[in-house]
Amino acid sequence: MEEAKKLNRFYIFPILYVLSVYMAISNIFTGNKGLLYSLMFLSPFILGILNIVVCVRCCKPQYRDIMITSAAIVKYCMVPFFVMGGFFTTCTFISGFVIPVPPMIIIGPSIALMLCIAGWLIVAFGSPYVISYTVLCQREGKTSKGMAVLHIILQFFFTLDVIDVICLSFKARRNVKMSVAVIVLMAVSVILIIALVLFVLLQIIII
């Protein structure tokens, strides 16, 4: 019982990482300044490094199931963040070509590129749990080296990382209900993003 409680405390790390990302983005929109708010903005990257350290130290058989659940917590909870970020990045990129202001052709794509880089770093720092889980599965003979490498590579690509975690969760028979909910959320999000982008383009063309 005591050992189970000790292992369950591990979930504080993925939860803190997710919270840090949302706090950082809220800090950008509120425009708060100062040392505390600067640390809040940097907290996803600080906690991301902590994620890596923790996953390396806890890459042990008893943590295998906890790793896949932690991966699901990070990847699934970040779906709304990336849906909003993807929509904003797309609109920013498009604005550089449709808004009749000369500097926008540089500003729009430049901002979109910076957002993509920041988003990719957040994806990368949230991937150690899947990588640790995959390494453990490979060591135990539950997956081949080739598949392990593929799972690790997929963790560094938008959307594919979430789909990969969904597949791993179904294979491990863990987080199944959560995975189904995310599939529905992603499907609805794709439809809404397409509709919103088309609406924005239509409004710009009409104006």
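Taking each heavy atom of M78 and Y22 in turn, the nearest pair found is CA-OH, 4.0 Å. Shown here for P44 and S20, the closest heavy-atom pair between the two residues is CA-OG, 3.4 Å. Between I68 and R174, the closest heavy-atom pair is CG2-CD, 3.8 Å. Here the closest heavy-atom approach between residue Y76 and residue S169 is recorded as OH-OG, 3.6 Å. Nearest heavy-atom pair, Q138 versus K145, reported as atom, atom and distance to 0.1 Å: NE2-CG, 3.1 Å. Counting all heavy atoms, side chain and backbone alike, A72 lies closest to V165 at CA-CG1, 4.0 Å.
No continuous path of ILVMFWY side-chain contacts below 4.5 Å connects M84 to V188, so the two sit in separate hydrophobic clusters. V130 and V53 are members of different hydrophobic clusters when ILVMFWY side chains are connected at heavy-atom separations under 4.5 Å. Under the 4.5 Å side-chain heavy-atom criterion for grouping Ile, Leu, Val, Met, Phe, Trp and Tyr, V182 is connected to F158 within one hydrophobic cluster.
Here SG of C77 is found 7.5 Å from CE of M178. Values are rounded to the nearest 0.5 Å. Atom CG of residue L121 and atom SG of residue C116 lie 11.5 Å apart, to the nearest 0.5 angstrom. We find the CD1-OG distance between I52 and S132 to be 12.0 Å, quoted to the nearest 0.5 Å. Atoms CZ and CH2, from F156 and W120 in turn, are 6.0 Å apart once rounded to the nearest 0.5 Å. M67 contributes atom CE, which lies 11.0 Å from atom OG1 of T134 (distance to the nearest 0.5 angstrom). The distance from the CD1 atom of I66 to the CG atom of L136 is 11.0 Å, given to the nearest 0.5 Å.
In this structure, Q155 and K75 have side chains that are in contact, with non-hydrogen atoms separated by less than 4.5 Å. A 4.5 Å side-chain heavy-atom check between M147 and C137 finds every atom pair outside the cut-off. Residues L47 and L50 form a side-chain contact, since some pair of their non-hydrogen atoms from C-beta on lies under 4.5 Å apart. Side-chain atoms of I183 and I166, non-hydrogen and from C-beta on, do get closer than 4.5 Å to each other. Two residues are said to be in side-chain contact when any heavy atoms from C-beta on lie closer than 4.5 Å; I73 and Y17 fail this criterion.
Heavy atoms from other residues, nucleotides or ligands lying under 6.0 Å from CZ of F170 number more than 12.
The main-chain N or O of V162 is never found under 3.5 Å from a side-chain atom of D164 such that the two would form a donor-acceptor pair.
Between the side chains of T69 and Y129, no donor-acceptor pair is found at a separation under 3.5 Å.
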